[in-house]
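Some notes on the structure that comes next.
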Amino acid sequence: MDQTVGHPEFLQHHFSDVEQQRESAKLGMWIFLLTEVLLFGGLFCAYSIYRSWNPEIFHNAHRFLDVYLGTLNTVVLIVSSVTMALAIRSMQLDRKKQTLIFLIVTLALAAAFLVVKYFEYSHKFHLGQLPGKFYTFTGIEGTNPHIFFSVYFLMTGLHGIHVIGGMAVITWLIFKTRGRTFSSQYYTPIEMTGLYWHLVDLIWIFLFPLFYLVG
Amino acid sequence: MNKLPDKSYLNDPKGLKSWLLTRDHKRIGLMYLYAIMTAFLLGGIFAMIIRLELLSPGKDLIDADTYNQFFTLHGAIMIFLFIIPSIPAAFGNFVLPLMIGAKDVAFPRLNLASWYIYILGSLFALYSIITGAVDTGWTFYTPYSTETTTSVISMTLGVFILGFSSIFTGLNFIVTIHKLRAPGMTWFKMPLFVWALYATAIIQVLATPVLGITLILLIIERVVGIGIFDPAMGGDPVLYQHFFWFYSHPAVYIMILPGMGIISELISVFSHKKIFGYKAIAFSSLGIAFVSFLVWGHHMFVSGQSELAAMIFSFLTFFVGIPSGIKVFNWVTTMYRGSISLEAPMLYALSFLFLFTIGGLTGIFLGALSVDVHLHDTYFIVAHFHYVMMGGTVMAFLGGLHYWWPKFWGRMYSEFWARISVALIFVGFNVTFFSQFILGSQGMPRRYYNYLDQYQPLHGFSTFGSWILGLGFVVMAVYLIHAIFRGKVAGANPWGALTFEWTTPSPPPHENFDKIPTMEHGPYDYDKIVPRSTLAESD
């Protein structure tokens with residue numbers, strides 16, 4: 001084939017140039033993020049309905065969430081977003097070692113987020129503040145206080161799954177970066193993971209005030 | 001005499017492994033076609049058994065519980081496994097890159113993944129059938145779906161997984177259409193089928209995630225009892241309906257829009273005339289996609305939503321009639337003074353026009369609040385959506401199947417038998433379902449196992465129609481399969497059409513085109529160019 005001349009390895013056969021491939025990946029990723037927003041949208045909708053029906057329960061129950069741990073996790077995630085963005089920049093400048101460091105820091109911060117979440121969850125399990133029929137806690141006044149925890153566990157749980165998914169992809173990126181797959185010419189996967197990671201961060205930024213702060 | 005090309009996507013490269021790992025959109029389209037035809041067969045068998053059981057009151061063939069499972073399976077299989085993926089995943093995959101002059105879709109690996117996800121989802125659905133099926137109806141309404149002992153979880157999990165397949169296909173198509181069009185193909189020079197796929201993809205991407213989260217909530221509700229849809233625990237079963245229809249109403253347009261796209265192609269090609277109102281048809285697809293998100297409440301007129309909400313939803317529902325009407329009038333105007341040839345695909349297009357119009361107009365009856373209270377959950381609604389879904393989408397699907405069959409295989413089916421089959425299907429369909437409009441308006445409720453004697457004549461008539469319909473499909477299966485092996489060689493452009501997919505050999509080579517085509521004329525410029533049919537006229 002005559003196209004092999006000047007046809008970089010990472011360019012797939014059906015794209016005519018690198019720019020087209022990059023633009024396609026970007027558009028595809030944004031559409032994917034849109035579907036994520038709608039996936040969470042259903043739960044945000046459920047949140048607002050149950051909150052408007054049971055304002056007192058939400059008010060009373062939210063006090064049992066630890067604002068300090070929530071704030072800590074918010075900071076952890078925001079910093080991880082920064083390191084993710086820095087990883088992309090480093091690869092744009094062809095600094096592979098630096099990219100690697102930033103990716104590993106991002107991964108570590110994601111893990112830290114989950115560790116904090118683990119302590120929060122296990123504390124609630126211990127108290128019996130569980131969703132639905134498993135709810136055994138007696139310290140919250142009003143009918144059906146479990147509704148708050150149903151919504152809380154659903155939303156933070158789904159978010160947690162997304163964090164784990166993101167960690168898997170970042171781990172993959174670390175191996176690929178070590179294997180010298182990426183360069184300043186081709187770093188699309190890192191950039192796309194960055195977009196995804198910012199969305200995960202952003203969803204948490206909505207979850208945090210809705211559960212921990214708004215009484 | 002024409003010859004088939006030596007090398008095509010069908011035999012280059014060879015071997016089962018090259019098929020299972022293929023990233024060629026044409027092969028993936030064909031694999032989808034096999035899968036959805038299997039689903040169609042299965043759903044069809046359930047339909048025939050349901051109709052047979054309803055031949056007379058009381059038990060004829062199966063008991064009441066089995067009947068409940070069968071109508072649920074008929075609905076769930078036909079909707080989630082057949083009709084939603086049918087046109088976009090099978091024809092869309094095969095034709096879209098060819099139509100816009102691309103080598104493939106934007107993400108070929110994702111495309112293959114979405115086929116495997118479809119198969120995985122179907123396996124979950126099959127597992128559900130084996131382990132006790134589902135008796136909730138395809139809508140899985142709570143609270144019944146959280147209480148029944150049938151295997152709801154594997155079925156809903158299957159549908160959840162199928163949703164991913166649908167999202168990935170939609171995502172792939174949007175990017176493909178945006179980024180991979182051939183040089184010179186501007187937005188308004190795209191074939192209308194591409195516009196329809198684009199509008200469909202938007203709905204797939206925006207609505208399906210909501211179904212996903214809804215079904216996950218349903219599964220969690222069933223497994224751990226979080227009480228989010230359970231009124232006894234402060235939850236709301238009507239919220240489930242809102243969530244469900246927020247997806248499933250737009251999903252109705254995922255089903256019909258690609259069908260409308262095919263009809264736009266067929267009407268223009270077989271009238272040998274430039275499509276009338278190109279932009280109006282293109283924009284009406286987007287219009288339908290937009291309105292589709294605002295009308296879900298019309299499924300819930302008697303579910304306890306507020307009167308104000310019901311009035312607004314009723315009013316908005318009538319808006320769907322506008323873009324649909326725009327399309328129908330433009331198609332009819334395209335035919336006016338065209339030189340119409342009545343080959344099988346065109347006969348399906350005409351069936352579509354006739355049946356879809358009935359289906360659409362009866363939709364207006366159901367959108368009107370007072371009328372709906374009378375007709376809700378009767379056979380009238382059954383007839384209505386079969387006129388839209390089967391009379392509309394399936395007719396368009398069959399039209400597309402016959403239209404692109406020579407492109408798939410390079411060989412032509414028997415026109416004679418195709419016309420016999422279309423006649424059987426058209427007559428059988430109307431006998432089966434028109435009688436159900438009358439049954440419904442007389443008060444026969446849908447989904448009932450038993451009924452009063454007074455309804456027997458019409459039920460019998462309807463069952464009789466289902467046999468004619470079934471016969472039509474059997475005939476079709478025989479001549480289409482025959483065509484694959486023994487059909488006359490079709491050549492690149494048997495219909496004398498102007499879109500890109502007909503400029504490359506049938507079946508197309510692995511890379512689609514020898515060199516990327518450039519746009520020299522519009523897709524429907526029959527007023528400027530007289531394309532030659534490559535199919536020999538005489539036998």
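A, B, ... follow the sequence lines: proteins, then strands. Residue 1 opens every chain. Please read these numbers as outputs of a predicted model, since none were measured by experiment.
- For chain B, no part of A:Thr143 is nearby; none of its heavy atoms comes within less than 4.5 Å.
- Of the possible polar contacts, none joining the A:His13 side chain to the B:Glu511 backbone as a donor-acceptor pair under 3.5 Å is found.
- Enclosure of atom CZ in A:Arg89 is not indicated, since only 12 or fewer non-hydrogen atoms of other residues, nucleotides or ligands lie within 6.0 angstrom.
- Note: A:Trp53 leads A:Phe32, A:Phe153, A:Trp53 in heavy-atom pairs under 4.5 Å with chain B.
- With values rounded to the nearest 0.5 angstrom, B:Ile226 atom CD1 is found 8.5 Å from A:Ile147 atom CD1.
- In this structure, A:His14 contributes its side chain and B:Val105 its backbone to a donor-acceptor pair below 3.5 Å.
- Counting heavy atoms from C-beta outward, B:Phe243 and A:Cys45 have side chains that approach closer than 4.5 Å.
- In this structure, A:Phe15 CZ and B:Lys179 NZ are separated by 10.5 Å, a value rounded to the nearest 0.5 Å.
- Residue B:Asp230: no heavy atom, backbone or side chain, is found under 4.5 Å from chain A.
- B:Phe173 contributes atom CZ, which lies 12.5 Å from atom CD1 of A:Ile31 (distance to the nearest 0.5 angstrom).
- For A:Phe44, the CZ atom is densely surrounded, since the number of other residues' heavy atoms within 6.0 Å is greater than 12.
- Contacts with chain A were tallied for B:Gly234, B:Gly212, B:Pro209; B:Pro209 has the most, counting heavy-atom pairs under 4.5 Å.
- Interface remark: of the candidates A:Phe149, A:Phe134, A:Tyr135, A:Phe134 forms the most heavy-atom pairs closer than 4.5 Å to chain B.
- Of the atoms belonging to B:Ile220, it is side-chain heavy atoms, and not backbone ones, that fall under 4.5 Å from chain A.
- The distance from atom CZ of B:Arg109 to atom CD of A:Gln12, rounded to the nearest 0.5 Å, is 6.0 Å.
- Residue-environment remark: CZ (A:Phe206) stays at or below the threshold of 12 foreign heavy atoms within 6.0 Å.
- Contact of B:Ala201 with chain A is not made at all, since no heavy-atom distance falls under 4.5 Å.
- A 6.0 Å sphere centred on OH of B:Tyr144 holds more than 12 heavy atoms belonging to other residues, nucleotides or ligands.
- The heavy-atom pair separating B:Leu206 from A:Leu34 by the smallest distance is CD2-CD2, 3.4 Å.
- Options B:Gly235, B:Ala207, B:Ala102 differ in how many heavy-atom pairs under 4.5 Å they form with chain A, and the most are formed by B:Gly235.
- Contact of A:Leu154 with chain B is made through the side chain alone, with heavy-atom distances under 4.5 Å.
- In the displayed structure, B:Phe164 atom CZ is contacted under 6.0 Å by at most 12 heavy atoms of other residues, nucleotides or ligands.
- Only the side chain of B:Leu239 comes within contact range of chain A, with heavy atoms under 4.5 Å apart.
- Side-chain N/O atoms of A:Glu23 and B:His178 include no donor and acceptor closer than 3.5 Å.
- Ranked by heavy-atom pairs shorter than 4.5 Å toward chain A, the options B:Val210, B:Val205, B:Asp104, B:Thr208 are led by B:Val205.
- In terms of heavy-atom pairs under 4.5 Å with chain A, the best-connected choice from B:Ile516, B:Leu180, B:Asn512 is B:Leu180.
- Considering OG of A:Ser150 and CG of B:Leu217, their distance stands at 10.0 Å, rounded to 0.5 Å.
- We find the CD1-CD1 distance between B:Ile228 and A:Ile49 to be 9.0 Å, quoted to the nearest 0.5 Å.
- Surrounding CH2 of A:Trp30 are at most 12 heavy atoms belonging to other residues, nucleotides or ligands under 6.0 Å away.
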